[in-house]
Amino acid sequence: MEQQETAILIASLTLIGLIIIIIFLFLIFQKRKNDLLFEQREAEKKYESEIAETQIEIREETLRNISWELHDNIGQLLTLAKIQANIAQDEPNKLPEVIDTISKSLTELRALSKLMNPDAIKNLTLKEAILLEVERFNRLQFIEATLIANDEMKIIDKKVEIIIFRILQEFFSNTIKHSKASKLNISIDYQLEKMIINARDNGIGFSAITSQVNTGIGLTNMKSRAKLINADISLLSKENQGTTITLTYFYKKENEPII
């Protein structure tokens, strides 16, 4: 009888111990689950914050470009047209020059109107947005720029495109301001599983000092943004041999979150 009671007691204690262990494991699981959910929410907040900040930066850059073109480009053309018109009053043979200058001004205004229309910019694909930048560089003779791209094979999330465009915009800006390059070649290769964007200038490049490369063109900032969309980014630069940036983005599976 005693042995039977002992056996029952041991079995009861074992059962209680198992229940305690199960409850303990369940609590650990719940805590881990809650931690993961919290981390995911924080990551989503960070991602959305970065998207908002990037959109603001693109908008500010666009407004700066519009302001510059209105003042230094179109403004100069219209001033020239006014001077030519005054001359043409005494020399009618100069009238075609006035017409030509006014025509150039209208062409510049039409091109600028694309940037001034927020709905048009919002609906642009990544390729179209880059092409608009290339056309602007060539039109204003900042640099001889080209874009080569194959047919788009995959629709990319609009938020991802915003991040990628801003990364490239930073590179373009540094190329024009600091590289002393005369050419900028951009290629977009849409492959089955990934997209590879390559941009290369023929400028002065950077020295082999790593810190100079990192701080000189904001590579750290570009990499942090690329990380948000799980993209790979690399930058190669040699003194007097130009600078190349390569961004590789692997397409997301259907319904797979970006972060």
Side-chain angles (χ1 to χ4, degrees), residues 46-47 49-51 53-58 60-62 64-65 124-138 140 142-150 152 154 156-157 159-191 193-252 258-259:
K46 181 180 179 182
Y47 181 78
S49 175
E50 184 65 35
I51 290 294
E53 183 180 338
T54 302
Q55 288 176 318
I56 291 171
E57 288 179 3
I58 291 174
E60 288 177 348
E61 184 74 16
T62 300
R64 278 194 294 268
N65 293 337
L124 289 175
T125 65
L126 175 64
K127 185 162 62 176
E128 290 169 339
I130 295 173
L131 181 59
L132 204 61
E133 289 287 276
V134 166
E135 290 174 345
R136 184 172 67 87
F137 297 155
N138 289 325
L140 299 177
F142 284 158
I143 195 170
E144 183 183 332
T146 61
L147 172 63
I148 299 174
N150 58 352
E152 188 168 345
K154 193 82 171 181
I156 301 174
D157 187 278
K159 293 178 181 178
V160 171
E161 289 191 326
I162 289 171
I163 293 289
I164 293 175
F165 179 70
R166 183 54 189 160
I167 290 172
L168 294 173
Q169 200 175 47
E170 286 188 61
F171 179 79
F172 297 158
S173 178
N174 280 284
T175 291
I176 291 172
K177 290 178 181 177
H178 308 298
S179 74
K180 299 181 181 179
S182 59
K183 293 185 178 181
L184 173 64
N185 300 316
I186 308 151
S187 67
I188 307 176
D189 184 14
Y190 293 97
Q191 300 181 6
E193 297 181 350
K194 61 187 176 181
M195 173 185 68
I196 301 175
I197 299 179
N198 185 279
R200 184 179 189 280
D201 67 47
N202 65 342
I204 58 175
F206 294 90
S207 68
I209 302 174
T210 305
S211 59
Q212 184 178 356
V213 175
N214 287 334
T215 58
I217 80 163
L219 180 59
T220 301
N221 189 36
M222 294 180 188
K223 282 187 172 181
S224 65
R225 283 184 165 159
K227 187 177 180 181
L228 279 176
I229 56 174
N230 298 319
D232 295 327
I233 189 170
S234 65
L235 184 134
L236 296 175
S237 184
K238 291 184 179 179
E239 199 167 2
N240 299 319
Q241 294 185 36
T243 303
T244 301
I245 188 171
T246 302
L247 185 146
T248 304
Y249 173 72
F250 291 88
Y251 305 133
K252 298 297 172 186
I258 293 172
I259 56 175

For the atom pair [atom1] ([X]) and [atom2] ([Y]), what is the distance rounded to the nearest 0.5 Å?
{"X": "Lys177", "Y": "Asn174", "atom1": "NZ", "atom2": "CG", "result": "7.0 Å"}
{"X": "Glu133", "Y": "Phe142", "atom1": "CD", "atom2": "CZ", "result": "10.0 Å"}
{"X": "Glu193", "Y": "Tyr249", "atom1": "CD", "atom2": "OH", "result": "13.0 Å"}
{"X": "Ile143", "Y": "Ser182", "atom1": "CD1", "atom2": "OG", "result": "6.5 Å"}

How close do [X] and [Y] get, heavy atom to heavy atom, and via which atoms?
{"X": "Leu247", "Y": "Ala231", "value": "CD2-CB, 4.3 Å"}
{"X": "Ser237", "Y": "Thr243", "value": "OG-OG1, 2.9 Å"}
{"X": "Ile245", "Y": "Met222", "value": "CD1-SD, 3.7 Å"}

Is a side-chain donor or acceptor of [X] paired with a backbone partner of [Y] at a separation under 3.5 angstrom?
{"X": "Asp189", "Y": "Ile196", "result": "no"}
{"X": "Asn185", "Y": "Arg200", "result": "no"}
{"X": "Gln241", "Y": "Lys238", "result": "no"}
{"X": "Ser173", "Y": "Gln169", "result": "no"}
{"X": "Tyr251", "Y": "Lys194", "result": "yes"}
{"X": "Asn202", "Y": "Leu184", "result": "no"}

Given the options Ile164, Ile162, Ile167, Arg225 meets side-chain contact (heavy atoms from CB on, under 4.5 Å) only with Ile167
- Query: What residue among Thr146, Ile130, Ile148 forms side-chain contact (heavy atoms from CB on, under 4.5 Å) with Ile186?
  - Reply: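 One option only clears the test, and that one is Ile130.
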Could you check whether any side-chain heavy atom of [X] comes within less than 4.5 Å of a side-chain heavy atom of [Y], counting everything from C-beta outward?
{"X": "Lys183", "Y": "Asp201", "result": "no"}
{"X": "Leu126", "Y": "Met195", "result": "yes"}
{"X": "Thr246", "Y": "Ile197", "result": "no"}

- Message: Is the ring pair Phe137/Phe172 parallel, tilted or perpendicular, if the boundaries are 30 and 60 degrees?
- Response: perpendicular
Quiz item: Going by atom types alone, do Ser187 and Asn198 pair a side-chain donor with an acceptor below 3.5 Å?
Solution: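 No, Asn198 and Ser187 have no side-chain donor paired with an acceptor closer than 3.5 Å.
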Worksheet item: Does any donor atom in the side chain of Asn221 or Glu170 lie under 3.5 Å from an acceptor atom in the other side chain?
Response: yes
